[in-house]
Amino acid sequence: MEFVELKNHLKTQKPHSCYCCYGDDDFLVERAVSLICGLAGEPKPFNCIDREFESAKRITDELMQLPVMSDRRVVVVRGKVDGGAVAEYLKDPNPTSVLVIPEYTPHDSWNKTSAAALPEGAIGVDCNRLSAEYVIPFVRALASRTQTQISDKAIELLRLRCGGYMTRINSETQKLTMLRAGETVTETDITLNVEPDAEFVVFELCDCILSGNSARALSVVDGMAKNNDLVAAFTLIYNRFRKIFAAAVDPEGLAGLGVKPYQAAKLKSESVRFSKVRLKNIIDMLEKADYDYKTGAVTVYDALVGFVAQASYTGG
């Protein structure tokens with residue numbers, strides 16, 4: 001299920017024996033864990049256990065204990081989990097216990113959508129980054145605490161500059177609303193006060209390449225060289241162009257790359273503006289640049305500059 005469905009599910013349905021909360025947004029993973037822990041009654045220290053376990057047997061022993069003066073007990077298992085042992089336990093689980101397994105996906109792609117491996121019998125809770133429709137009300141509610149206004153466009157810019165991560169969106173919103181308490185946070189305020197996430201910078205760079213704006217593209221690369229990991233940038237750039245190319249060649253296959261429906265629609269509309277040949281040429285250029293710096297032929301900076309200069313040429 002999606003993270004946004006979890007709260008209503010817990011209120012209206014009998015809880016499952018095991019939830020795996022996975023995704024690339026730590027804020028959402030921890031919020032999901034907190035919501036499920038709300039199932040445990042008082043006294044909380046006895047009915048809500050949250051720690052690492054040294055063995056699968058210790059996990060099972062904890063799950064088989066009965067709740068204290070409550071209907072339900074929640075056990076949150078941190079760290080590495082034996083999926084086979086969990087699946088075996090779930091064949092005949094303790095009906096008064098709920099097992100929670102948090103799984104964090106590395107922040108290396110905009111479109112992480114699946115759990116690494118759900119134990120058989122576990123219910124997955126998708127805690128990947130939220131789309132704007134869910135971020136907007138969150139930011140608005142946070143801003144209202146200081147009687148501060150913020151437009152939809154400003155919130156979308158904030159979301160993009162924060163890479164879509166709720167942890168940073170939360171902290172940056174609090175900073176901005178303190179700065180403009182009782183007033184209106186503008187797009188200019190966000191541009192001046194919120195450092196762009198690496199993924200936002202990569203999106204801007206890719207857009208400059210596709211539009212043939214080589215001067216701006218090279219300027220973005222210079223900024224990246226000062227503030228970002230250029231090696232990681234190659235992975236991000238490749239992921240973006242690969243998905244645009246996939247949208248042009250096989251739009252129905254985007255789901256297989258972990259692209260959510262609302263993101264797929266955006267990629268499809270973007271891909272039709274460019275020929276398949278041009279998109280494939282850009283990917284080939286990128287792979288050559290990646291090979292050149294990895295083999296030591298050039299520095300990573302020179303490889304990226306060379307790629308950007310060539311790829312942003314409209315006839316490339």
Side-chain angles (χ1 to χ4, degrees), residues 24-26 104-112 116 128-129 157-165 167-168 172 190-249 254 257-259 263 266-267 270-271 273-316:
D24 63 4
D25 194 319
D26 297 356
Y104 302 95
T105 303
H107 296 187
D108 63 355
S109 168
W110 186 266
N111 298 307
K112 293 289 185 180
N128 287 290
R129 284 167 281 185
L157 178 60
L158 174 65
R159 184 179 77 89
L160 292 173
R161 289 182 80 89
C162 292
Y165 295 111
T167 301
R168 191 163 174 226
E172 294 291 354
I190 292 167
T191 301
L192 292 174
N193 294 286
V194 179
E195 190 70 26
D197 180 271
E199 283 174 298
F200 175 80
V201 176
V202 165
F203 267 59
E204 183 182 7
L205 175 60
C206 292
D207 288 344
C208 289
I209 289 171
L210 289 170
S211 65
N213 189 347
S214 57
R216 176 56 186 158
L218 291 170
S219 175
V220 171
V221 170
D222 281 339
M224 291 173 72
K226 297 174 183 175
N227 303 307
N228 301 108
D229 180 353
L230 293 183
V231 173
F234 264 99
T235 300
L236 293 169
I237 293 167
Y238 179 73
N239 283 344
R240 177 138 172 81
F241 279 124
R242 180 174 65 115
K243 288 180 177 123
I244 296 173
F245 181 64
V249 175
L254 286 172
L257 296 176
V259 179
Q263 294 165 329
K266 184 176 181 181
L267 285 168
E270 191 169 33
S271 67
R273 296 189 291 132
F274 311 100
S275 71
K276 297 181 183 67
V277 171
R278 178 152 192 246
L279 292 172
K280 179 62 168 61
N281 285 343
I282 287 175
I283 292 175
D284 289 343
M285 293 174 203
L286 182 57
E287 289 178 345
K288 182 181 184 305
D290 184 62
Y291 177 81
D292 286 346
Y293 90 78
K294 284 181 177 176
T295 57
V298 295
T299 66
V300 62
Y301 173 78
D302 288 340
L304 188 55
V305 167
F307 159 72
V308 167
Q310 185 179 10
S312 59
Y313 172 60
T314 55

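What you see below is based on every heavy atom in this structure, not just the backbone, and it leaves out hydrogens, waters and symmetry mates.
Here CG of Leu218 is found 9.0 Å from CG of Leu205. Values are rounded to the nearest 0.5 Å. Interatomic distance, OG of Ser211 versus CZ of Phe274, reported as 7.5 Å (0.5 Å rounding). In this structure, Arg273 CZ and Leu210 CG are separated by 7.0 Å, a value rounded to the nearest 0.5 Å. For the atom pair CG (Asn213) and CD (Glu204), the distance works out to 9.5 Å, reported to the nearest 0.5 Å. Rounding to the nearest 0.5 Å gives a distance of 8.5 Å between CG of Leu286 and CG of Leu304. With values rounded to the nearest 0.5 angstrom, Lys280 atom NZ is found 14.0 Å from Phe241 atom CZ.
For the pair Arg240 and Leu267, the minimum side-chain heavy-atom distance is below 4.5 Å.
Residues passing the side-chain hydrogen bond (donor to acceptor under 3.5 Å, both in side chains) test with Thr167: none are found, sequence neighbours excluded. With sequence neighbours excluded, the residues that form a side-chain hydrogen bond (donor to acceptor under 3.5 Å, both in side chains) with Lys288 are Asp292. Here Ser214 pairs with Ser312 under the side-chain contact (heavy atoms from CB on, under 4.5 Å) rule; sequence neighbours left out. In terms of the side-chain hydrogen bond (donor to acceptor under 3.5 Å, both in side chains) criterion, residue partners of Tyr301 (sequence neighbours excluded) are, by chain and number, Asp222. By the ring pair (Phe, Tyr, Trp, His ring centres under 6.0 Å) test, Tyr293 pairs with Phe234, sequence neighbours left out. Applying the side-chain hydrogen bond (donor to acceptor under 3.5 Å, both in side chains) test to Asn193 and every residue at least two apart in sequence or in another chain returns nothing.
Scanning all heavy atoms of the two residues, the minimum distance from Cys162 to Val194 falls at SG-CG1, 4.1 Å. Nearest approach of Phe245 to Lys276, heavy atoms of both residues: CE1-O, 3.6 Å. Across all their heavy atoms, Ser271 and Ile244 have their closest contact at CB-O, 3.4 Å. Closest of all the heavy-atom pairs between Cys208 and Arg216 is SG-CG, 3.2 Å. Closest non-hydrogen pair, Val298 versus Asp302, comes out as CB-CB, 4.2 Å.
A donor-acceptor pair under 3.5 Å links the side-chain atoms of Asn128 to the main chain of Asp24, judged by distance alone. Between the side chain of Arg168 and the backbone N or O of Arg161 there is at least one donor-acceptor pair closer than 3.5 Å.
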Tell me, with the steps shown, if Lys294 and Val231 meet side-chain contact (heavy atoms from CB on, under 4.5 Å). CA-CA 10 Å; Lys294 284 181 177 176; Val231 173; 5.9 Å; no
May I have the step-by-step check of side-chain contact (heavy atoms from CB on, under 4.5 Å) for Asn281 and Met285, ending in yes or no? CA-CA 6 Å; Asn281 285 343; Met285 293 174 203; 4.1 Å; yes
Apply side-chain contact (heavy atoms from CB on, under 4.5 Å) to the pair Phe307 and Ile237, showing each step before the final yes or no. CA-CA 11 Å; Phe307 159 72; Ile237 293 167; 4.2 Å; yes
